[in-house]
Amino acid sequence: MYSFTRCKEPSCPRYATHASGYCLEHDPAQDLRPTLSSSVLDSVSISDWRWDTKDLSGKRILGSLFGYSTFHSVSFARTTVLNSNFSFCLFEKCVFDESTIRYSIFSGSTFLGCTFRNSRITHTNFNGSVFSDCDASGSDLYYSSFAHAHLHDTKLEDCNVRKADFRHTLQENLSFRWSNYRERLR
Amino acid sequence: MRIHQHFSVVGFCNTYVVGDTTSKKALLIDPGHADIELIRLLQQHEYTIEAVLLTHRHAGHADGLALLQKIYEFPVYAYEDPSHPVRPGKPLLIGPFTIIPFPVGGHSRDSVVYRIEDALFTGDALSAAAIGRTPSHRLSEHLADGLNRILSSLDPQTLVFPGHGPPSTIRSELLFNQSLR
């Protein structure tokens, strides 16, 4: 579920981070630790932020907004991501293995050396994204959309791509081995 | 305001529940199929349905109404509805919600896009990287023109919730939707 709570600072148009009621700029403490220590990140808004070597594995990320951020060596392994917006982000060497991602937006993002092995990534928007040296083998990509994406040196092996949208994609050294690739939209 | 997305394999349609966490009042958008999961979602959050909004009256977007009307009482808003019509440019004030309707036509004569705060509910008129199917090329151009006008007038970070497929943002649609270029 997406949630929209504005920053308490009058006339600030940004969304509040969950813990303080203020956006990061107006939060007096500017401390993300209380927000991130929880196992459930519900309605968190931390956009345009740099995340380095963080372990978010096993967390539940619900209705949260992380657009325009950079994630470097962040682990999302076994994470559940529902109704969250990660559009126009950069993910470098991030791990999403065995994660569940549904109804979320990653459009316009760049993924470099990331893995999504054995994950359930359904109803998720990757339009216009760039995937380089990534591996999503063994994943369910049902009804996810990759339109206008650039996928190179990437493995989508043994994946369910039924109703997944691959129209107008640029594909170089992309492997659909053992996947039901005839059922994809193209 | 919280937005819950419900997907049914019957018609592959997305139904949205827009809930106000304080008053527990909710809007239901396009109940194409009402199943136990949808009813459980409403009960779990203790929502009362203030109204149902239809983006258009195709079966895949309205067939769940019959069952829901046996359980709940609510008005149904749709374009040119005799009881609760949706008119261009006339905001609907329903409970705590302010809804701005944008009739777009194209996909069907009664197609409407609704804006509620920073969310745009587009039905079949617009989905991620595609616009709705139309009976003719002329109508397709008409739909694309109408959508371009609406999208370019709103905040690019506005979230787009289509009737089918994954959600999107206005910025993504303006960049990656070939039909809107």
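Naming convention: chains lettered A, B, ... in sequence-line order (proteins, then strands); numbering from 1 in each chain.
Residues B:Leu92 and B:Met1 share a single hydrophobic cluster, defined by chaining ILVMFWY side chains whose heavy atoms lie under 4.5 Å apart.
The two residues A:Ser87 and B:Thr169 come nearest to each other via the heavy atoms OG-CG2, 4.1 Å. In plain terms, the two heavy atoms of A:Asn127 and B:Ala129 that are nearest each other are ND2-CB, 3.3 Å. Of all non-hydrogen atoms in B:Ala128 and A:Ser145, the two that sit nearest each other are O-OG, 4.4 Å.
In the displayed structure, A:Lys59 atom NZ is contacted under 6.0 Å by more than 12 heavy atoms of other residues, nucleotides or ligands. Enclosure of atom OH in A:Tyr181 is not indicated, since only 12 or fewer non-hydrogen atoms of other residues, nucleotides or ligands lie within 6.0 angstrom.
Taken to the nearest 0.5 Å, the OG atom of A:Ser43 stands 4.0 Å off from the CZ atom of B:Arg2. Here CG of A:Leu62 is found 11.0 Å from NE2 of B:His4. Values are rounded to the nearest 0.5 Å. Between atom CZ of residue A:Arg102 and atom CZ of residue B:Phe7 there is a gap of 9.5 Å, rounded to the nearest 0.5 Å.
Both the backbone and the side chain of B:Gln178 come within less than 4.5 Å of a heavy atom in chain A. Of the atoms belonging to A:His123, heavy atoms from both backbone and side chain fall under 4.5 Å from chain B. Heavy-atom distances place no part of A:Phe146 under 4.5 Å from chain B, backbone and side chain included. Contact annotation for B:Asp155: neither backbone nor side-chain heavy atoms come within less than 4.5 Å of a heavy atom of chain A. Neither the backbone nor the side chain of B:Tyr16 comes within less than 4.5 Å of any heavy atom in chain A.
Between B:Phe176 and A:Phe88, the ring-plane angle classifies as parallel under the 30° and 60° cut-offs.
Inter-residue side-chain proximity for B:Gln157 and A:Leu65 is flagged as unmet; no heavy-atom pair is nearer than 4.5 Å.
Evaluated for a side-chain contact (heavy atoms from CB on, under 4.5 Å) with B:Pro167, the options A:Asn83, A:Asn85, A:Ile105 yield exactly one hit, A:Ile105.
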Begin from the C-alpha positions of A:Tyr15 and B:Asp118 and carry the test side chain to side chain donor-acceptor pair (under 3.5 Å) through to its verdict. CA-CA 11 Å; A:Tyr15 295 112; B:Asp118 292 338; 2.2 Å; yes
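Ranked by heavy-atom pairs under 4.5 Å with chain A, the list B:Ala119, B:Pro166, B:Ala130 is led by B:Pro166.
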